[in-house]
Undergrad: 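Got a structure for you, written out below as structure tokens; questions coming shortly.
Lettering of chains follows the sequences in order, A, B, ..., and the numbering in each one begins at 1. Excluded from the calculations below are hydrogen atoms, water molecules and symmetry mates; all remaining heavy atoms, backbone and side chain alike, are included. All of these numbers come straight from a predicted model, not from anything done at the bench.
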There are 2 protein chains.
Amino acid sequence: MPKETFNNLSKDKKQKIFIAAVQEFSTRRFSEVSINQIVKTAGIPRGSFYQYFNDKEDIFLYVFTEILKEKQEILHSTEDVNPDADVFEVLMQTIRASYQWSRAKPEYSQISLLMEIDNSEFIIRLRTASANELRKMVERDKQRGLIKPEIDPDLVVEMIYSFIIKEYFWIGLGEDMFLKRINDIIKIIKEGIACV
Amino acid sequence: MPKETFNNLSKDKKQKIFIAAVQEFSTRRFSEVSINQIVKTAGIPRGSFYQYFNDKEDIFLYVFTEILKEKQEILHSTEDVNPDADVFEVLMQTIRASYQWSRAKPEYSQISLLMEIDNSEFIIRLRTASANELRKMVERDKQRGLIKPEIDPDLVVEMIYSFIIKEYFWIGLGEDMFLKRINDIIKIIKEGIACV
DNA sequence: ATGTCATATGACACACTTGTCATTTCGTTG
DNA sequence: CAACGAAATGACAAGTGTGTCATATGACAT
């Protein structure tokens with residue numbers, strides 16, 4: 001995380017650096033990001049950067065946690081979820097909120113997206129199991145008798161997770177199309193595609 | 001594709017370069033691959049490389065088509081598929097064969113895998129719609145009344161494709177586990193997870 | 001043996017990277 | 001005002017990488 005010197009900076013300067021970093025991390029994958037580029041767009045001398053951060057990982061960690069903080073604020077503010085809702089309903093609601101966020105801060109969501117398809121040592125270590133909450137929901141619904149007993153919750157979570165992530169690449173489609181696609185996917189996972 | 005000079009090389013030397021390239025492309029993503037590294041492991045001088053290939057894309061294209069050729073030979077040799085089989089059955093069979101191939105040539109399949117998660121301009125252009133055949137099968141089964149009429153074949157193909165690809169990262173599990181997981185996934189897509 | 005021509009070769013020019021460090025600048029405090 | 005210390009700065013060393021090119025080599029034809 002940033003050195004003390006960074007925290008002592010003016011809000012303006014901090015913001016300038018943050019924005020430059022976001023721009024870089026949202027267009028290049030981690031291994032391709034150049035600190036040179038960041039300092040150039042931030043308009044600070046190269047030496048200063050190393051006064052503020054140790055290295056690329058350091059600034060990424062900063063940007064990442066900053067974004068996560070913001071996202072969680074937004075997601076939790078919309079938390080008027082019906083406690084009896086099943087996993088499918090909750091999922092749909094979360095994605096809807098998450099979509100709004102992506103629309104409001106496209107660069108931020110682009111960073112998350114790039115992270116998903118990155119397999120640098122460092123990024124892999126970072127990728128948290130945000131899937132955990134989802135798994136718990138699946139397990140709960142299984143006990144409520146809403147989901148077939150032979151289903152492996154981990155597998156379901158993985159499927160949902162991997163597909164929804166991929167779906168975000170389609171975000172350009174526009175809200176209606178995007179949400180319809182997600183809806184269709186969830187329906188397939190719920191009911192299958194074969195005729196009964 | 002390779003220059004004439006490369007084709008004139010001895011089989012041995014060609015092989016040596018091919019192997020070095022495979023090694024490099026199977027451990028680093030495209031943008032990170034270094035020609036320096038390739039020539040070093042192949043034991044040829046840097047200048048020679050440029051006598052044989054134009055650049056990184058050039059040699060990748062060569063390696064890629066070479067591997068594809070080999071894979072298709074294997075996949076087609078196992079083509080004793082029942083013409084009445086539904087898409088689920090065919091899928092399972094193809095994956096089984098494909099798994100064998102991955103086991104036999106782990107570096108090759110690693111390259112395919114890396115391609116899937118690569119978003120370099122060049123690689124994206126290359127990624128063929130091998131999904132086409134699958135889509136046709138889904139459409140056929142829809143007309144045969146095996147698949148619900150409201151299902152969008154493209155979406156199904158995408159789902160299958162993205163799950164299965166991701167699943168290949170689990171290939172270390174061993175054949176039984178791997179095939180069981182694939183089987184479970186296909187079953188979910190077919191029948192869903194919700195209780196009826 | 002001489003000439004020709006395709007190929008082999010590694011030094012070279014250039015462009016990029018990262019992290020360091022001696023120096024300068026500046027604000028605060030005595 | 002002086003002096004101290006923290007922060008700013010850009011030149012620097014050392015490491016990547018790419019693609020080119022003049023020259024060396026060697027096989028074959030005359």
Undergrad: Taking atom C1' of dA7(D) as reference, at what distance in whole Å does atom CG of Leu9(A) sit?
TA: 9 Å

Undergrad: Taking OP1 and OP2 of dA8(D), is either one under 4.0 Å from a side-chain nitrogen or oxygen of Ser48(A)?
TA: no

Undergrad: Within less than 4.0 Å of OP1 or OP2 of dG19(C), is there a side-chain N or O belonging to Tyr50(A)?
TA: yes

Undergrad: Please tell me which of the listed nucleotides, dA7(D), dT7(C), dT9(D), lies nearest to the side chain of Pro45(A)?
TA: dT9(D)

Undergrad: For Ile151(A), is there any backbone N or O sitting under 3.5 Å from a side-chain donor or acceptor partner on Lys142(A)?
TA: yes

Undergrad: Is the distance from OP1 or OP2 of dT18(C) to the nearest side-chain N or O of Arg46(A) less than 4.0 Å?
TA: yes

Undergrad: Base, sugar-phosphate, or nothing: which does Tyr52(B) touch, judged by heavy atoms less than 4.0 Å apart?
TA: sugar-phosphate

Undergrad: Between dA7(D), dG19(D), dT18(C), spot the one nearest the side chain of Ile35(B), thanks.
TA: dG19(D)

Undergrad: Under 4.0 Å, counting only non-hydrogen atoms across every strand here, what does Thr5(A) touch: a base, just sugar-phosphate, or nothing?
TA: sugar-phosphate

Undergrad: Without decimals, in angstroms, what is the distance between Asp55(B) CG and dT20(D) C1'?
TA: 14 Å

Undergrad: Considering heavy-atom distances to DNA chain C, does Gln51(A) or Phe49(B) have its closest nucleotide positioned more toward the 5' end?
TA: Phe49(B)

Undergrad: Looking only at side-chain N and O atoms, does Thr41(B) offer a donor or acceptor that is under 3.5 Å from a partner on Gln23(B)?
TA: no

Undergrad: Report yes if a side-chain nitrogen or oxygen of Asn36(A) is closer than 4.0 Å to either non-bridging phosphate oxygen (OP1 or OP2) of dC16(C); otherwise report no.
TA: no

Undergrad: Between Glu175(B) and Arg103(B) (salt bridge meaning N to carboxylate O under 4.0 Å), is one present in this structure?
TA: no

Undergrad: Whole Å only: how far is the NZ atom of Lys40(B) from the P atom of dT18(D)?
TA: 12 Å

Undergrad: Side chain of Lys13(A) only, please: which of dT18(D), dT9(D), dA8(C) is the nearest?
TA: dT9(D)

Undergrad: Would you say that more than 12 heavy atoms from the other residues, nucleotides or ligands in this model lie under 6.0 Å from the CG of Asn7(A), or not?
TA: yes

